[in-house]
Amino acid sequence: MSAVVPPPRTAGGLLPTRTLTRVEDGEQLHALLWRAGAGWRMISSAVLGGGLGERAWVLNAQVAHGYRRTDPHRHLADLARAAGMSGPGVGVMTAADVRAHRRAHDGGVEAVVTAGIAVRGWAAVPAEAVTTPDRPGTINIILAVPAPLTDAALVNAVATATEAKVQALLSAGYDCSGTPTDAVCVAARTPDAAEDVQAFAGPRSLWGARLARAVHAAVRAAVVDGTAGRPRGLGSPSGLR
C-alpha cells in the first residue's frame with residue numbers, strides 16, 4: 001500500500017472534503033477526508049470510531065470490489081494516519097468511487113453521500129434469505145449540523161437520516177431499503193454555555209426536517225446521477241424533488 005497523497009482540491013461549506021488518492025495492489029483508489037477539527041460530537045455506525053463522542057475527522061475510503069480483509073478498522077486507521085490524521089475520528093469504506101459523491105444543503109445542514117448499490121435489498125427478509133454480502137457496495141451518509149444536539153437527538157438524527165435515505169431510494173425507483181453495509185455519521189456542534197442544546201431531531205423538528213431534506217436530496221442525486229446508475233424498467237421517480 002502506498003501513502004495517501006492529497007491533491008490540492010477542497011470543497012467549501014460546513015463539511016469541506018478533500019479527495020485523496022492511493023494505490024493498493026496495483027489499483028488506484030480514492031477517499032474523501034473531512035478535517036472537522038475540534039468542537040464536534042459525532043454519532044456513527046462506522047467500523048472505525050463508531051458510537052458517540054468527540055471526533056475530529058471523517059474518512060470515507062474506497063476499497064476494491066471483492067474486498068476480503070477481516071480487519072477494516074485497522075485498514076482505515078492506517079489510511080487515516082497516512083493522511084496525517086491523529087486523535088479520534090470516524091472511518092467508513094465503500095466499493096463505490098467516492099469521487100462521484102453528491103452533496104446537499106438545507107438550512108445550514110450539509111450532507112455528503114457516496115452510493116454503491118449493486119448489493120441491495122430490504123432490511124427485513126426471511127431468515128433463510130440472510131447471507132453475508134460479497135462486497136461492500138455501500139451507501140455512506142456523512143452529515144454536519146451547525147447546532148448542538150443531545151445524545152437522544154443524535155440517535156434520533158440517525159433514524160431520521162435512515163428514513164430519508166429509504167424515501168430517496170424509493171423515489172428514485174429502487175425497490176430496496178439500502179445495502180447490508182450502509183453507514184451513517186452525524187456530526188453536531190459541541191454544546192457550550194451560550195447555546196441551547198436541541199433535544200429533538202425527528203423529521204418534524206427544526207433540525208431533523210432540514211437533515212431529512214439534505215439526506216434525501218444527496219442520496220437521490222447519488223443513486224440517479226452518480227455511479228450507482230438508474231434502475232431499468234421502473235416507473236418515473238416520485239416524492240420530494
Side-chain angles (χ1 to χ4, degrees), residues 1-6 11 15-25 27-99 101 110-116 119 132-145 149 151 154-155 157-159 161-162 165 178-190 215 218 222:
M1 182 179 72
S2 67
V4 178
V5 180
L15 206 166
T17 56
R18 171 166 286 186
T19 302
L20 312 177
T21 301
R22 71 188 191 280
V23 175
E24 287 183 5
D25 298 325
E27 182 176 359
Q28 189 175 79
L29 300 168
H30 307 281
L32 295 180
L33 176 64
W34 175 33
R35 299 173 183 262
W40 292 95
R41 290 201 318 144
M42 301 185 192
I43 186 169
S44 177
S45 61
V47 67
L48 175 67
L52 193 159
E54 298 276 344
R55 304 285 188 269
W57 49 267
V58 179
L59 181 71
N60 185 358
Q62 179 190 6
V63 296
H65 288 278
Y67 185 78
R68 289 292 180 266
R69 284 188 60 160
T70 59
D71 60 344
H73 62 291
R74 185 171 291 108
H75 188 187
L76 286 164
D78 289 344
L79 293 176
R81 279 192 294 272
M85 296 297 95
S86 61
V90 171
V92 296
M93 57 177 50
T94 177
D97 187 342
V98 299
R99 294 173 300 176
H101 68 278
E110 185 162 352
V112 174
V113 171
T114 59
V119 182
T132 302
D134 62 351
R135 63 183 184 273
T138 299
I139 299 173
N140 286 334
I141 299 172
I142 312 299
L143 283 157
V145 179
L149 302 177
D151 289 358
L154 281 166
V155 174
V158 172
T162 303
K165 176 197 71 176
T179 86
T181 51
D182 288 353
V184 62
C185 175
V186 179
R189 289 295 188 184
T190 301
V215 170

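Note that this is a predicted model, so its numbers are computed, not measured.
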Q: Going by atom types only, do His101 and Thr114 share a side-chain donor-acceptor pair under 3.5 Å?
A: no
Q: In chain order, what residues pass the side chain to side chain contact (heavy atoms under 4.5 Å, CB included) check against Leu154, with sequence neighbours excluded?
A: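 If we apply the side chain to side chain contact (heavy atoms under 4.5 Å, CB included) test to Leu154, skipping adjacent residues, the hits are Arg41, Ile43, Leu52, Leu149, Val186, Ala188.
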Q: So, does Glu110 use its side chain to make a donor-acceptor pair with the main chain of Ala144 at under 3.5 Å?
A: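 Answer holds: no.
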Q: Please determine whether side-chain contact (heavy atoms from CB on, under 4.5 Å) holds for the pair Leu79 and Glu24, giving the CA-CA distance in whole Å, both sets of side-chain angles, and the decisive distance to 0.1 Å.
A: CA-CA 11 Å; Leu79 293 176; Glu24 287 183 5; 3.9 Å; yes
Q: Checking Ala161 now: which residues fulfil side chain to side chain contact (heavy atoms under 4.5 Å, CB included) with it, not counting sequence neighbours?
A: Leu143, Val184, Leu211, Val215
Q: Tell me, do Thr94 and Asn60 make a side-chain contact under 4.5 Å, heavy atoms counted?
A: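 Yes; the side chains approach each other to less than 4.5 Å.
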Q: Please report the interatomic distance CG(Leu20) to NE2(His30), rounded to the nearest 0.5 Å.
A: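 Leu20 CG to His30 NE2: 10.5 Å, rounded to 0.5 Å.
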Q: Got a sec, which residues hit ring pair (Phe, Tyr, Trp, His ring centres under 6.0 Å) with Trp57, two or more places apart in sequence or on another chain?
A: none
Q: Which residues pass the side-chain hydrogen bond (donor to acceptor under 3.5 Å, both in side chains) test with Glu54, sequence neighbours left out?
A: Thr190
Q: Supply the atom-to-atom distance Leu59 CG to Arg18 CZ, rounded to the nearest 0.5 angstrom.
A: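 It is 13.5 Å, given to the nearest 0.5 Å.
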Q: Drop me the distance from Asp71's CG to Leu76's CG, to the nearest 0.5 angstrom.
A: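 If I round to the nearest 0.5 Å, the distance is 9.5 Å.
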Q: Does the side chain of Arg69 come within less than 4.5 Å of Tyr67's, by heavy atoms?
A: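 In contact.
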Q: Give the ring-plane orientation class for Trp34 versus Trp40, where under 30° counts as parallel, over 60° as perpendicular and anything between as tilted.
A: perpendicular
Q: Between Gln62 (side chain) and Ala31 (backbone), is there a donor-acceptor pair under 3.5 Å?
A: no
Q: Without swapping roles, check the side chain of Arg55 against the backbone of Ala38 for a donor-acceptor pair under 3.5 Å.
A: no
Q: Just by distance, do the side chain of Asp78 and the backbone of His75 share a donor-acceptor pair under 3.5 Å?
A: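 A pair under 3.5 Å: no.
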Q: Can you name the residues that form a side chain to side chain contact (heavy atoms under 4.5 Å, CB included) with Ala56, not counting sequence neighbours?
A: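 Applying side chain to side chain contact (heavy atoms under 4.5 Å, CB included) to Ala56 gives none.
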Q: Taking all heavy atoms of Val90 and all of Ala46, pick out the closest pair and write down the distance.
A: CG1-CB, 3.5 Å
Q: Specify the closest pair of heavy atoms between Thr179 and Gly116, including all atoms of both residues, with the distance to one decimal.
A: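 Nearest heavy atoms, Thr179 then Gly116: CG2-O, 3.6 Å.
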Q: Is any side-chain heavy atom of Leu32 closer than 4.5 Å to a side-chain heavy atom of Val112?
A: yes
Q: Roughly how far apart are Leu15 CG and Cys185 SG, rounded to 0.5 Å?
A: 8.5 Å
Q: Do the non-hydrogen side-chain atoms of Met85 and Arg35 ever get within less than 4.5 Å of each other?
A: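 Result yes, sub-4.5 Å side-chain heavy-atom pair found.
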Q: Within this structure, what is the CG-CD1 distance for the pair Asp182 and Ile139, rounded to the nearest 0.5 Å?
A: 4.5 Å
Q: Once side chain to side chain contact (heavy atoms under 4.5 Å, CB included) is applied, do any residues pair with Ala183, and if so which ones, sequence neighbours excluded?
A: Ser45, Val92, Asn140
Q: How many angstroms lie between CG in Leu29 and CZ in Arg99, if you round to the nearest 0.5 Å?
A: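 Here the interatomic distance stands at 9.5 Å.
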Q: Are Thr138 and Met93 side-chain neighbours, meaning at least one heavy-atom pair lies under 4.5 Å?
A: no
Q: For Lys165 versus Gly178, what's the shortest heavy-atom pair and its separation?
A: NZ-CA, 4.2 Å
